[in-house]
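All remarks here apply to the structure that follows.
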Amino acid sequence: MRIAVIGASGTMGSRIAKELQASGASVVPASTSTGVDVITREGLDARLSGVDTVVDVVNSGSFGDGDALEFFRRATRNVVEAAKAAGVKHYVALSVMGTDRLVENDYFRGKLVQENIVRSSGLPYTVVRSAQFFDLWVAS
Ligand SMILES: NC(=O)c1ccc[n+]([C@@H]2O[C@H](COP(=O)([O-])OP(=O)(O)OC[C@H]3O[C@@H](n4cnc5c(N)ncnc54)[C@H](OP(=O)(O)O)[C@@H]3O)[C@@H](O)[C@H]2O)c1
């Protein structure tokens, strides 16, 4: 099975890609450092060719007011459209526990928009709401 990890160089993506590889999946890494930009869509369609499943673990690099919301809206629309065009069979998005109760925060509004775009995409999907990990706070 070919699984694209969008955000494969990140905190979550690098660990997920490693686990998937260890379980025998063929991992297709995608992130800006591998020539894929989910905002401009540069390199995205080509990278998803022949992929069965997308694991979406991209993150907004900016947390300014409105930035994360706009990032997740554009990024998720682009990845969903590219996934549909490529015939992807399952879309997995990593979200955060409590996202629907933290809507006063721009980042979590962005995560909720991301979840809703995935849910209404028409693609079979899994939205995983995870706790945030300790090393995220150590790194910031
Ligand atoms: N970390 C946590 O504790 C945690 C917990 C629950 C949910 N999540 C969710 O998991 C996702 C990933 O979080 P993270 O902490 O792993 O993020 P991260 O470490 O900041 O990694 C972000 C990833 O997104 C990529 N990226 C950023 N902008 C991009 C763009 N325009 N086009 C393509 N790739 C782009 C980066 O690629 P380059 O490095 O190549 O630029 C990197 O691979 C987020 O949606 C977050 O809400 C995280």
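The model shown is predicted, which means the values in this text are computed figures rather than measured ones. Numbers for residues simply follow the sequence, beginning at 1.
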Q: Could you check if a side-chain atom of Arg47 sits within less than 4.5 angstrom of a side-chain atom of Leu44, using non-hydrogen atoms only?
A: no
Q | Transitive ILVMFWY side-chain link Phe72 to Leu102, under 4.5 Å | A | yes
Q: With sequence neighbours excluded, give me every salt bridge (charged side-chain N to carboxylate O under 4.0 Å, His left out) pair touching residues 73-85.
A: Arg41-Glu81, Glu70-Arg73
**Q.** Rounded distance (nearest 0.5 Å) linking atom OG1 of Thr126 with atom CG of Asp56
**A.** 12.5 Å
Q. From Asn116 CG over to Arg119 CZ, what is the distance, rounded to the nearest 0.5 angstrom?
A. 6.0 Å
Q) Rounded to the nearest 0.5 Å, how far apart are OG1 of Thr53 and NZ of Lys89? A) 7.5 Å
Q: Return yes if some donor-acceptor pair links the side-chain N/O of Asp45 with the main-chain N/O of Ala82 below 3.5 Å, else return no.
A: no
Q) Within a radius of less than 6.0 Å around CD of Glu104, do more than 12 heavy atoms belonging to other residues, nucleotides or ligands occur? A) yes
Q. Of Val79, Val80, Asn78, which meets side-chain contact (heavy atoms from CB on, under 4.5 Å) against Thr76?
A. Val80
Q | More than 12 heavy atoms from other groups under 6.0 Å of CD on Gln21 | A | yes
Q: Nearest 0.5 Å please: distance from the OH atom of Tyr107 over to the CG atom of Asn59.
A: 3.5 Å
(Q) Restricting to side-chain contact (heavy atoms from CB on, under 4.5 Å), what partner residues turn up for Thr99, sequence neighbours left out? (A) Ser95, Val96, Phe108, Lys111, Leu112, Glu115, Arg129
Q. Is Val55 reachable from Phe133 through a run of hydrophobic residues whose side-chain heavy atoms are each under 4.5 Å from the next?
A. yes
Q) How close do Asp37 and Ile39 get, heavy atom to heavy atom, and via which atoms? A) OD1-N, 2.7 Å
Q. What is the minimum heavy-atom distance between Ala25 and Ile3, and which atoms define it?
A. CB-CD1, 3.8 Å
Q) Are Val92 and Met97 joined in one hydrophobic group, where the rule is that I, L, V, M, F, W and Y side chains link up if heavy atoms are under 4.5 Å apart? A) no
(Q) Go through it in stages, so that I can follow the logic: the residues are Phe71 and Val113, the test is side chain to side chain contact (heavy atoms under 4.5 Å, CB included), and I'd like the CA-CA distance, side-chain angles, deciding distance and then a yes or no. (A) CA-CA 10 Å; Phe71 177 89; Val113 164; over 6 Å; no
Q) At their closest point, which heavy atom of Leu123 faces which heavy atom of Ala83, and how far apart are they? A) CD1-CB, 4.0 Å
**Q.** Ser49 (side chain) donor-acceptor with Ala46 (main chain) under 3.5 angstrom
**A.** no
Q. Applying the 4.5 Å side-chain criterion to the ILVMFWY set and letting contacts propagate, would Val128 and Val27 be lumped into a single cluster?
A. yes
Q) Would Leu94 and Ser130 count as a side chain to side chain contact (heavy atoms under 4.5 Å, CB included) if you check the C-alpha gap in whole Å, the side-chain angles of each, and the deciding distance to 0.1 Å? A) CA-CA 7 Å; Leu94 184 60; Ser130 164; 3.8 Å; yes
Q. Where is the tightest heavy-atom contact between Ala4 and Leu48, given as atom of each residue plus distance?
A. CB-CD2, 3.6 Å
Q | Minimum heavy-atom distance Ser9-Ser31, with the two atoms named | A | OG-OG, 3.4 Å
Q | Minimal non-hydrogen separation, Val118 against Ala93, with atom names | A | CG2-CB, 4.2 Å
